[in-house]
Amino acid sequence: MRNYRVLLHGYNLWLELEGKVKHVGFYVTRFVVAASALEAERRALAAVESEPHLCAAQNRPGDPPFIDVSETALVARTDVPAVAPGYALYLVEESEVA
């Protein structure tokens, strides 16, 4: 088993922020132990999908959030942080929505 760093990009997520529901996207990195890069990606996706941030999504039926793997890399055990990194959220401007 090896250590992997997986960068994930989430989008089309509706969250309550500052008392209002806003359209956001995010980037988040997760470190996982896996036998292959594909398994690492699956584990990272499963971990993020079960986190409270996504469970609090206020998307309408038929308009789900999405998460893509942006990058996967092998890392040394010494490069794995003790605490999981946080989310980098960004607001989606209404003019960007098709």
Side-chain angles (χ1 to χ4, degrees):
M1 300 290 260
R2 300 190 240 171
N3 294 288
Y4 289 88
R5 180 187 68 236
V6 182
L7 175 62
L8 303 169
H9 176 218
Y11 52 97
N12 194 45
L13 183 65
W14 294 88
L15 288 177
E16 184 174 333
L17 301 170
E18 301 170 344
K20 294 183 180 180
V21 176
K22 298 183 180 185
H23 195 199
V24 301
F26 67 86
Y27 288 93
V28 67
T29 300
R30 288 294 172 257
F31 292 84
V32 296
V33 176
S36 68
L38 182 60
E39 181 185 350
E41 292 169 359
R42 288 180 181 156
R43 287 182 180 211
L45 284 165
V48 169
E49 287 172 348
S50 67
E51 291 178 5
H53 296 85
L54 286 183
C55 294
Q58 297 190 19
N59 289 57
R60 294 185 175 149
D63 187 30
F66 297 95
I67 305 173
D68 292 331
V69 174
S70 294
E71 181 181 307
T72 304
L74 277 170
V75 295
R77 174 69 188 118
T78 55
D79 292 334
V80 177
V83 176
Y87 284 73
L89 293 176
Y90 63 89
L91 290 175
V92 176
E93 298 295 326
E94 291 306 314
S95 62
E96 297 174 16
V97 179

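Position 1 is the first residue of the sequence, and the numbers go up from there. The figures that follow rest on heavy atoms only: side chains count, while hydrogens, waters and symmetry mates do not.
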| query | Is V6 linked to V80 within one hydrophobic cluster, defined over Ile, Leu, Val, Met, Phe, Trp and Tyr using a side-chain heavy-atom separation of less than 4.5 Å? | reply | no
| Under 4.5 Å between side-chain heavy atoms, hopping through other hydrophobics if needed: is there a path connecting L38 to L74? | no
| said: Would you call the rings of Y27 and H9 parallel, tilted or perpendicular, taking 30° and 60° as the class edges? | reply: parallel
Supply the atom-to-atom distance [X] [atom1] to [Y] [atom2], rounded to the nearest 0.5 angstrom.
| X | Y | atom1 | atom2 | result |
| --- | --- | --- | --- | --- |
| I67 | E49 | CD1 | CD | 4.5 Å |
| L15 | N59 | CG | CG | 8.0 Å |
| L45 | L8 | CG | CG | 5.0 Å |

Taking the side chain as everything from C-beta on, heavy atoms only, tell me whether [X] gets closer than 4.5 Å to [Y].
| X | Y | answer |
| --- | --- | --- |
| Y4 | R43 | no |
| V24 | Y87 | no |
| D79 | N3 | no |
| V92 | Y11 | no |

Contact summary for [X] and [Y], nearest pair of heavy atoms:
| X | Y | answer |
| --- | --- | --- |
| A34 | A40 | CB-N, 3.5 Å |
| A44 | R30 | CB-CB, 4.1 Å |
| L13 | A57 | CD1-CB, 3.4 Å |

| said: Please give the remaining members of the hydrophobic cluster of V33, linking ILVMFWY side chains under 4.5 Å, ordered by chain and number. | reply: M1
| message | Other residues, nucleotides and ligands only: do more than 12 of their heavy atoms fall within 6.0 Å of CZ on R2? | response | no
| task | Please list all pairs passing the ring-ring contact (aromatic ring centres under 6.0 Å, His included) test where one or both residues lie in residues 28-50, with sequence neighbours left out. | result | none
